[in-house]
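Have a look at the structure below before the remarks.
All values below come from the heavy atoms of this structure, side chains included, with hydrogens, waters and symmetry mates left out.
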Amino acid sequence: MFRPQTYYLIICLVVTSVLPFVFPLWKDAAGKPFYFMADTVYVTLFGLSNTLTLLSIFSHKKRQQQFVMGRLNMILNLILLGLFVYRTLTASGETAISEKGVGMFLPIISIVFLVLANKAIKKDEDLVKSVDRLR
């Protein structure tokens, strides 16, 4: 029914739009979970990632554009991951971040599915090019 990259992109959309509400990024020294909604930078980056993923899903006729949006989304998720790592490394001891949460690893999961989607897009593009050569 759908192409494989559509399934990968849907999984990526769920990882970046639903799971951040479920899993906290980390817990502070008091044991209170910190979700991404508490910081506008994280909300903006997750929102941009969701937008790129949705645009990529709905631009299935334009494979090159879909491929480029996947690459941009990977870069965006790497920036998000870098911000998470920077925040945990610059926190002074146990004062800010006591325990890292599963939410910090969501960009990694998203990147994995974006890579799989881009591989499937590349495979489709190569198939179309090979068929065009035979004409």
Next item on the list: May I ask you to check if Arg87 and Tyr42 form a cation-pi contact, with NZ or CZ under 6.0 angstrom from the six-membered ring centre and within 45° of the axis?
Entry: no
Note to self: Are Leu54 and Tyr8 connected into the same hydrophobic cluster when the rule is that any two of I, L, V, M, F, W, Y join if their side-chain heavy atoms are below 4.5 Å apart?
What the structure shows: no
Note to self: Is it the case that the side chain of Thr53 and the backbone of Ser49 share a donor-acceptor pair, with hydrogens and angles ignored and the cut-off at 3.5 Å?
What the structure shows: yes
Notebook entry, point to check: Is there a donor-acceptor pair closer than 3.5 Å between any side-chain N or O of Asn73 and the backbone N or O of Met69?
Noted result: no
I'd like a table of donor-acceptor pairs (distance under 3.5 Å, sequence neighbours excluded) in which one partner is a side-chain atom from residues 112-119, with atom names and distances.
none

Note to self: Can you pull out every ring-ring contact (aromatic ring centres under 6.0 Å, His included) where at least one residue sits in residues 44-68? Sequence neighbours excluded, please.
What the structure shows: Phe36-Phe46
Notebook entry, point to check: Would you say Leu76 and Leu80 are hydrophobically clustered, going by side-chain heavy atoms of ILVMFWY under 4.5 Å?
Noted result: yes
Next item on the list: Give, for atom CG of Leu19 and atom CD1 of Ile109, the distance between the pair rounded to the nearest 0.5 Å.
Entry: 7.5 Å
Notebook entry, point to check: Can Leu48 be reached from Val68 by stepping across I, L, V, M, F, W or Y side chains whose heavy atoms are under 4.5 Å apart?
Noted result: yes
Notebook entry, point to check: Backbone N or O of Cys12 within a donor-acceptor pair of the Thr16 side chain at under 3.5 Å?
Noted result: yes
Notebook entry, point to check: Looking at CD of Gln66 and CG of Leu55, how far apart are the two atoms once the value is rounded to the nearest 0.5 Å?
Noted result: 11.0 Å
Margin query: Taking Leu52's backbone N and O only, do any of them form a donor-acceptor pair with Ser56's side chain (distance below 3.5 Å, no angle check)?
Written below: no
Margin query: Please report the interatomic distance CZ(Arg71) to CD1(Ile75), rounded to the nearest 0.5 Å.
Written below: 8.0 Å
Notebook entry, point to check: Measuring from Ser110:OG to Leu78:CG, what's the distance to the nearest 0.5 Å?
Noted result: 9.5 Å
Check: Would you say Ile121 and Leu127 are hydrophobically clustered, going by side-chain heavy atoms of ILVMFWY under 4.5 Å?
Finding: no
Notebook entry, point to check: To the nearest 0.5 Å, what is the distance between CZ (Phe23) and CZ (Phe105)?
Noted result: 12.5 Å
Notebook entry, point to check: What distance separates Ile10 CD1 from Ile57 CD1, expressed to the nearest 0.5 Å?
Noted result: 5.0 Å
